[in-house]
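Quick notes on the structure that follows.
Values reported hereafter were calculated over all heavy atoms of this structure, with side chains retained and with hydrogens, waters and symmetry mates removed. This is a predicted model, so every value here is computed, not measured.
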Amino acid sequence: VGAKGVVTLSAKLMLSLLPPQTSFFKLQVDEGKLGDYGPEVKSELDLAFAKIERTILEQIAASDDRVVVHQAMKHLVVAGNALIFMGKDGLKLFPLNRYVIDRDGNGNVIEIVTKESINKKLIEELMPNLKKGEVSDFNDDENSDCDVYTHVKVKNNRVSWHQEVFDKLIPGSKGKASTEANPWLVLRFNSIDGENYGRGRVEEFLGDFNSLEGLSQALVEGSAAAAKVIFTVSPSSTTKPQTIAAAGNGAIVQGRPDDIGVVQVGKTADFQTAFSLSQQLERRLLEAFLVMNPRNAERVTAEEVRLTQLELEQQLGGIFSLLTIEFLIPYLNRTLLVLQ
């Protein structure tokens, strides 16, 4: 149930952020800046902007950005945090277990540190000096990995970063950009004032998930016990247990039916209670993760389905606006800068 909910919700978020075949942003000129210029200039500018929009959409469609964004959405739904780096080779995702972050009082990012494991051979090519015994444990195993840390700082509207391995700076790893075109996109699902990290959708419904998990386990174990078939033979019976065990299907054996019984669990009513509660929890969770279950009837109109969808999507209004500010606008700014 959890997996289905997470995949559905993250796919819906990804398709609403980066919809295929349609433009999800519009470039416009500020009316106040036009001054005395006539409508001809405005229409010429609109044509030029439309060209730029098409170029950006083609660039996004040709890249694998949507794949990485979908992965990031999954991390956001479950863990509430994800970090995307917009490098020259495309997007790179850092899950929550591979980065730390610090924010100021207003929630703006001031420092990020990421950790990656990279093969030693690649590090040797970048830093041949390390072979000469500068680092004691470098020569232990040729094929093992070593940890590379990236340190990002935001200061005075500038973002600067560098990489280190074995506490030594990697040559050519320094980079900087303006905050307008910051390649480091720190995403949150729900922002909470005063906290460096966001909270995920799963955390909000953790009680229901735990209850459903417990009920499912009880039902599975109970069903396994109920499915087990055991025959009992009365100790004073003339019918031998071996005779029953060896008898094939439809065989005729001597004995009294009263001496032979079957062990029954007899918990049908209890199972029914657990099952109906688990169904209720499942329905509640699927609604929370926008998995649409249309009414089971002969005539379900398209309008009814559309209204159900609309009602579900209204639950996520605030989250979508947060992703627009923290993901879409910086993502477009960076893409524009790279294309320029």
Side-chain angles (χ1 to χ4, degrees), residues 12-66 68-70 72-73 76 82-92 103-110 112 152-161 175-191 193 198 306 309-310 313-314 316-340:
K12 282 189 175 178
L13 283 170
M14 196 271 290
L15 286 173
S16 50
L17 285 169
L18 300 177
Q21 277 94 42
T22 52
S23 177
F24 55 93
F25 67 99
K26 188 162 172 53
L27 296 172
Q28 285 177 312
V29 69
D30 187 353
E31 295 281 343
K33 300 271 172 74
L34 275 174
D36 302 329
Y37 292 108
E40 303 87 27
V41 174
K42 190 175 186 311
S43 60
E44 201 177 314
L45 280 170
D46 285 341
L47 278 171
F49 284 148
K51 269 187 191 172
I52 296 172
E53 281 172 31
R54 277 200 304 278
T55 311
I56 291 175
L57 289 172
E58 282 164 14
Q59 163 87 2
I60 292 169
S63 68
D64 64 347
D65 287 4
R66 281 194 176 90
V68 181
V69 171
H70 185 238
M73 290 305 125
L76 283 183
L83 173 66
I84 291 178
F85 174 65
M86 297 182 69
K88 289 173 188 153
D89 310 324
L91 303 188
K92 180 177 171 61
R103 294 176 187 270
D104 64 11
N106 296 326
N108 301 314
V109 179
I110 49 175
I112 308 167
V152 186
K153 286 205 104 161
V154 183
K155 206 174 182 183
N156 303 332
N157 292 333
R158 299 290 292 169
V159 185
S160 56
W161 61 92
K176 59 178 185 287
S178 69
T179 46
E180 289 293 312
N182 184 1
W184 300 90
L185 313 182
V186 188
L187 311 183
R188 293 176 293 178
F189 193 80
N190 281 325
S191 65
D193 189 42
R306 199 182 64 77
Q309 271 181 321
L310 195 67
E313 272 150 28
Q314 279 169 350
L316 288 180
I319 289 143
F320 188 75
S321 50
L322 181 71
L323 283 172
T324 309
I325 296 161
E326 292 199 345
F327 170 69
L328 265 189
I329 296 168
Y331 173 75
L332 281 172
N333 284 342
R334 181 72 189 173
T335 312
L336 258 172
L337 179 91
V338 170
L339 287 172
Q340 283 170 28

To the nearest 0.5 Å, how far apart are [atom1] in [X] and [atom2] in [Y]?
X: Leu27; Y: Leu45; atom1: CG; atom2: CG; value: 11.0 Å
X: Phe189; Y: Leu322; atom1: CZ; atom2: CG; value: 9.5 Å
X: Ile60; Y: Thr55; atom1: CD1; atom2: OG1; value: 11.0 Å

Heavy-atom closest pair, residues [X] and [Y]:
X: Phe49; Y: Gln28; result: CE1-C, 3.8 Å
X: Leu337; Y: Ala181; result: CD2-CB, 3.5 Å
X: Trp161; Y: Ala177; result: CZ3-N, 3.9 Å
X: Leu187; Y: Ile84; result: CD1-CD1, 3.9 Å
X: Met14; Y: Val69; result: CG-CG1, 3.8 Å

Q) Ignoring hydrogens and geometry, is there a side-chain-to-backbone donor-acceptor pair from Asn106 to Asn108 under 3.5 Å? A) no

Q. Do side-chain atoms of Arg66 reach the backbone of Leu18 as a donor and acceptor pair under 3.5 angstrom?
A. yes

Q.
So Val338 and Met86, do their side chains get closer than 4.5 Å, heavy atoms only?
A. no

Q: Classify the ring geometry between Phe85 and Trp184 as parallel (under 30°), tilted (30 to 60°) or perpendicular (over 60°).
A: tilted

Q.
Applying side-chain contact (heavy atoms from CB on, under 4.5 Å) to Tyr331 and Asp65, what does each step give before you reach the verdict?
A. CA-CA 10 Å; Tyr331 173 75; Asp65 287 4; 2.5 Å; yes

